[in-house]
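The model shown is predicted, which means the values in this text are computed figures rather than measured ones.
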Amino acid sequence: MGNHGSNLDDILSEDMHHWYNKFMRESPSGLITLFELKAILNLRGITEDANSYVEQVFFTFDMDGDGYIDFVEYIAAISLLLKGEINQKLKWYFKLFDQDGNGKIDKDELETIFTAIQDITRNRDIDPEDIVALIFEKIDVKGEGEMTLEEFIEGAKEHPDIMEMLKNLMDLTPVLEIIVKGRVNEIKD
């Protein structure tokens with residue numbers, strides 16, 4: 001999703017057996033709950049918006065909606081983030097942004113997500129309102145104040161600056177590094 005080192009590529013190419021062992025060490029039940037994910041990522045004392053964002057990420061990866069991330073969903077999430085095609089990533093971004101699930105994203109939803117991301121990453125280089133204004137100025141050409149999945153994908157693809165901004169803002173490499181940290185330490189030992 002952003003510029004990640006070959007370290008994560010190497011980790012992803014590791015034998016599934018190693019991934020499965022790592023997953024089972026993190027969650028012996030074979031299922032990761034939202035609470036466990038927050039514990040793995042050491043997320044304490046985050047704002048309500050940041051907490052909402054983490055929940056939204058969890059639920060987008062909980063593909064069957066059962067309230068758990070199982071091993072298949074875990075591998076699918078990591079693969080999408082590291083190796084996914086641009087259309088797959090844009091669809092994932094859209095699903096993440098569409099907090100109310102109505103099939104459209106509006107300015108408030110985008111601003112909430114970007115604010116939450118900044119709360120988690122502590123990167124406040126650009127004001128979320130400015131980001132949202134730019135995205136809607138360039139992509140919401142009809143001026144409706146909301147975008148469908150198709151409008152979002154086509155608009156993002158037509159504007160390399162928007163695409164680059166989304167990649168940078170939505171770079172979950174640091175989160176993945178935390179998740180796979182145990183495996184990285186094993187490799188070094």
Side-chain angles (χ1 to χ4, degrees), residues 1-4 32-34 37-38 41 43 46-69 73-74 76-176 178-179:
M1 280 248 254
N3 295 330
H4 54 81
I32 296 176
T33 65
L34 177 59
L37 179 66
K38 289 178 182 178
L41 299 176
L43 298 176
I46 58 177
T47 66
E48 189 174 322
D49 281 346
N51 188 58
S52 176
Y53 168 69
V54 172
E55 289 175 6
Q56 191 73 9
V57 168
F58 179 87
F59 292 122
T60 61
F61 288 136
D62 176 18
M63 296 169 208
D64 61 8
D66 66 357
Y68 301 97
I69 295 176
E73 292 166 331
Y74 174 81
I78 291 171
S79 295
L80 168 69
L81 295 174
L82 293 179
K83 304 275 189 190
E85 297 296 321
I86 196 63
N87 274 3
Q88 294 170 313
K89 289 181 180 182
L90 288 171
K91 286 177 184 176
W92 182 77
Y93 292 156
F94 187 88
K95 186 176 178 184
L96 186 64
F97 295 149
D98 184 16
Q99 293 179 309
D100 61 10
N102 70 351
K104 297 179 181 183
I105 52 177
D106 61 36
K107 291 179 179 182
D108 289 338
E109 287 172 320
L110 273 183
E111 193 172 323
T112 298
I113 290 290
F114 291 145
T115 300
I117 291 168
Q118 289 181 341
D119 288 344
I120 292 169
T121 63
R122 310 277 192 257
N123 178 358
R124 293 179 174 81
D125 292 343
I126 306 171
D127 187 315
E129 288 179 22
D130 295 340
I131 299 167
V132 171
L134 179 66
I135 289 172
F136 271 84
E137 175 187 318
K138 291 190 175 188
I139 297 179
D140 183 25
V141 292
K142 297 177 188 172
E144 299 168 318
E146 59 186 17
M147 291 178 270
T148 64
L149 175 62
E150 294 76 25
E151 290 170 322
F152 177 70
I153 289 175
E154 290 307 312
K157 284 180 168 181
E158 288 174 15
H159 298 282
D161 56 333
I162 298 283
M163 185 67 78
E164 189 62 28
M165 187 171 42
L166 286 171
K167 283 181 188 177
N168 291 335
L169 284 168
M170 302 304 295
D171 182 6
L172 294 180
T173 302
V175 171
L176 290 176
I178 292 168
I179 291 171

Would you compute the distance between atom [atom1] of [X] and atom [atom2] of [Y] and round it to the nearest 0.5 angstrom?
X: I105; Y: Y93; atom1: CD1; atom2: OH; answer: 12.5 Å
X: L96; Y: K89; atom1: CG; atom2: NZ; answer: 14.0 Å
X: I139; Y: E151; atom1: CD1; atom2: CD; answer: 9.5 Å
X: L37; Y: I69; atom1: CG; atom2: CD1; answer: 5.5 Å
X: E150; Y: M147; atom1: CD; atom2: CE; answer: 12.5 Å
X: F152; Y: L110; atom1: CZ; atom2: CG; answer: 7.0 Å

Heavy atoms only: give me the nearest M63-A77 pair and the separation to one decimal.
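Of all heavy-atom pairs spanning M63 and A77, the closest is CE-N, 4.4 Å.
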Does NZ belonging to K95 count more than 12 external heavy atoms closer than 6.0 Å?
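Above 12, so yes.
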Counting neighbours of CZ on F59 that are heavy atoms of other residues, nucleotides or ligands and sit closer than 6.0 Å, is the number greater than 12?
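For F59, atom CZ is crowded (more than 12 foreign heavy atoms under 6.0 Å).
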Y68 side chain near T33 side chain, heavy-atom distance below 4.5 Å:
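With C-beta onward as the side chain, the pair touches.
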Are Y74 and F61 side-chain neighbours, meaning at least one heavy-atom pair lies under 4.5 Å?
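They are not in contact (no side-chain heavy atoms under 4.5 Å apart), so the answer is no.
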Counting N and O atoms only, with roles assigned by atom type, does the side chain of D62 sit under 3.5 Å from a partner on the main chain of D66, one being a donor and the other an acceptor?
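Side chain of D62 to backbone of D66, a donor-acceptor pair under 3.5 Å: yes, one is there.
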Restricting to pairs with a member in residues 152-161, which pass side-chain hydrogen bond (donor to acceptor under 3.5 Å, both in side chains), not counting sequence neighbours?
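Every side-chain hydrogen bond (donor to acceptor under 3.5 Å, both in side chains) pair that includes a residue of residues 152-161, provided the two are not neighbours, is N87-K157, K138-D161.
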Which residue pairs satisfy the side-chain hydrogen bond (donor to acceptor under 3.5 Å, both in side chains) criterion with at least one member in residues 103-112, sequence neighbours excluded?
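Every pair satisfying side-chain hydrogen bond (donor to acceptor under 3.5 Å, both in side chains) with a residue in residues 103-112: K104-E146.
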Tell me, with the steps shown, if I153 and L149 meet side chain to side chain contact (heavy atoms under 4.5 Å, CB included).
CA-CA 6 Å; I153 289 175; L149 175 62; 3.7 Å; yes
